[in-house]
Amino acid sequence: MTAFPDRTLDIEVTTGDSGVVCVRIEGDLDWDSADDLTEAARVCLHADRPPRLLVLDCRGLGLCDSAGLSALLMIHRIATAAGTRLRLDHRPAALERLLALTGTLGHLTGAGGTAAAQAPGEPEA
């Protein structure tokens, strides 16, 4: 039997003065860590003045399981309710594949909706 090392999720929140909050995630977004990411986003979005844009920087994301996907969908729902745009930056290929397979790619990254996204490898605006 092969044991795989756990990659805990590190979350770093950076608040800019232009109404943009960036949440950098590094590690595995799974059953053990999904609630932590959702709570970090919830705190940002329930502030006295919610940000105009919440950026999830996925450059360091490893595994994303169904609980991780559920967290991303919940964050999208909370952001929409707060009137905040959500953007998923630097999505790794595995996340792109998961979003495409589950039919949530357009929902979370739709160019015309509240979840505009930066494609993998696209320069930051």
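Heavy atoms only: backbone and side chains are in, while hydrogens, waters and symmetry mates are out.
- Test D89, L86, L108 against L56 for side-chain contact (heavy atoms from CB on, under 4.5 Å) and you get one pass: L86.
- With a 4.5 Å cut-off on side-chain heavy atoms, C58 and L95 count as touching.
- Counting only heavy atoms from C-beta outward, the side chains of L54 and L45 approach each other to under 4.5 Å.
- With S33 contributing its side chain and D28 its backbone, the two residues share a donor-acceptor pair below 3.5 Å.
- Between L63 and L29 the shortest side-chain heavy-atom distance does not fall below 4.5 Å.
- Taking CZ of R77 as the start and NE2 of H107 as the end, the distance is 8.0 Å to the nearest 0.5 Å.
- Side-chain contact between R52 and S18 is present, with heavy atoms from C-beta onward closer than 4.5 Å.
- Taking hydrophobic clusters as Ile, Leu, Val, Met, Phe, Trp and Tyr residues chained together by side-chain heavy-atom distances below 4.5 Å, L105 shares a cluster with M74.
- Using a 4.5 Å heavy-atom threshold, the side chains of R91 and T109 count as touching.
- Side-chain contact check for V21 versus V55: every heavy-atom pair is 4.5 Å or farther apart.
- The CG atom of L73 sits 11.0 Å away from the CD1 atom of I78 when rounded to the nearest 0.5 Å.
- For the atom pair CG (L61) and CD1 (I25), the distance works out to 5.0 Å, reported to the nearest 0.5 Å.
- A distance of 11.5 Å separates OG1 of T80 from CD1 of I75, quoted to the nearest 0.5 Å.
- By the criterion of side-chain heavy atoms lying less than 4.5 angstrom apart, applied directly or through intervening Ile, Leu, Val, Met, Phe, Trp or Tyr residues, L69 is grouped together with L88 in one hydrophobic cluster.
- Looking only at distances, a side-chain donor or acceptor of T102 sits under 3.5 Å from a matching main-chain atom of L98.
- Using a 4.5 Å cut-off on side-chain heavy atoms (C-beta onward), I11 and V13 make contact.
- Applying the salt bridge (charged side-chain N to carboxylate O under 4.0 Å, His left out) test to pairs two or more places apart or on separate chains, those with a residue in residues 8-25 are E12-R24, R24-E26.
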